[in-house]
Amino acid sequence: MKYTDELRNAAASIGRLMDAVQPVPAPRPSLTVVGTGIRAVTQLTLEAVAAMASAESLLHVIGEPIQEDALLAINPNAKTMTDLYADGMERSFTYEGMVLELMAELEKGKRTVAAFYGHPGVFTYPSHESVRRARAAGFPARMLPGISAADCLYADLGIDPGDGCQAYEATSFLMRSPPVDRTAHLLLWQIGTIGNWTYESGGYDLSSFPVLVDVLARIYSPMHLATLYEASFHPRGKARVERMPIAHLPSAYLTPASTLLVPPAA
Ligand SMILES: C[S@@+](CC[C@H](N)C(=O)[O-])C[C@H]1O[C@@H](n2cnc3c(N)ncnc32)[C@H](O)[C@@H]1O
């Protein structure tokens with residue numbers, strides 16, 4: 001059986017489950033923002049599937065082909081907003097374009113759903129902003145949680161954020177120099193795009209990364225072990241987990257999906 005057929009079967013089974021639960025569809029017009037998880041298909045929540053299935057307009061920012069196929073199987077009207085990204089353009093302009101597209105669907109009176117990968121409220125500007133703007137314009141709007149990269153990291157690396165966990169976007173961490181609690185975990189997001197405000201499909205200039213590494217080496221020590229982490233986007237894939245001394249990080253291979261975990265020093 002082809003993988004897409006398996007996906008359609010899975011979507012049909014989920015549909016039957018939803019029929020049994022009979023969720024109440026959101027009013028029209030309204031905005032529901034959902035997360036689709038990191039690992040394609042398998043981390044969709046039932047309430048996100050129900051919202052997407054009943055959407056009159058389903059706009060998404062996924063970028064993972066298997067997940068996009070699954071969304072089409074759930075709702076044939078699914079349409080990507082990733083074409084709003086353009087090389088060299090500030091990502092904040094693209095995010096504004098996404099918010100405007102969602103608002104335009106609401107103005108047309110549609111039951112609108114926006115789907116973002118991971119948790120839609122974790123390091124994702126257009127999701128929070130579209131909920132804010134929809135409410136300000138008088139439309140009902142809500143956000144449903146999803147499984148974020150941090151959730152996958154806790155599971156794959158066996159750490160408990162309850163032991164203490166600080167999380168920062170890498171560029172903002174460099175610019176703000178917040179006080180760091182060395183007895184807690186430190187999670188740094190977007191290290192693979194550090195220092196870049198624009199979208200670059202051909203790869204990012206990571207010349208600021210060694211500056212971040214110097215800062216971490218001073219806070220901890222150059223030999224303190226950190227972990228580069230990438231959860232698999234593929235349901236049958238394995239996470240990338242690379243543990244190395246902070247001093248070795250500049251030679252590590254980074255991608256836009258890399259997250260850095262620095263465990264407590266004590
Ligand atoms: C714009 S944020 C989106 C996060 C997403 N909303 C979530 O809930 O995980 C992008 C950053 O999330 C992290 N990220 C995204 N995918 C990841 C993955 N597969 N494994 C580890 N971290 C990931 C990386 O730090 C990446 O730079």
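Just so you know, ligand 1 is whichever comes first in the structure, and atom 1 is the first atom listed for that ligand. The residues of the chain are indexed from 1 along the displayed sequence.
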Can you list every side-chain hydrogen bond (donor to acceptor under 3.5 Å, both in side chains) pair that touches residues 37-53, not counting sequence neighbours?
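Not a single pair qualifies under side-chain hydrogen bond (donor to acceptor under 3.5 Å, both in side chains).
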Quick one: hydrophobic cluster around M89, which other residues, with the 4.5 Å side-chain cut-off, linked directly or via members?
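Other cluster members: F93.
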Should side-chain heavy atoms under 4.5 Å link Ile, Leu, Val, Met, Phe, Trp and Tyr, which residues sit in the same cluster as L100?
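Result for L100 is none, singleton.
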List the protein residues in contact with ligand 1, where contact means a heavy-atom separation under 4.0 angstrom.
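If the criterion is a heavy atom under 4.0 Å, then ligand 1 touches I38, Y117, G118, H119, V122, F123, T124, S148, A149, W189, Q190, Y229, E230, A231, F233, P256, A257, S258, T259.
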Please say whether more than 12 non-hydrogen atoms of neighbouring residues, nucleotides or ligands are located less than 6.0 Å from CZ in R132.
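Yes, enclosed.
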Taking K110 first and then E56, would you say they form a salt bridge - that is, a charged N and a carboxylate O separated by under 4.0 Å?
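Not counted as a salt bridge, because no side-chain N and carboxylate O are separated by less than 4.0 Å.
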Measure the acute angle between the ring planes of Y168 and F173, then classify it against the limits of 30° and 60° as parallel, tilted or perpendicular.
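Tilted, since the angle between the ring planes falls between 30° and 60°.
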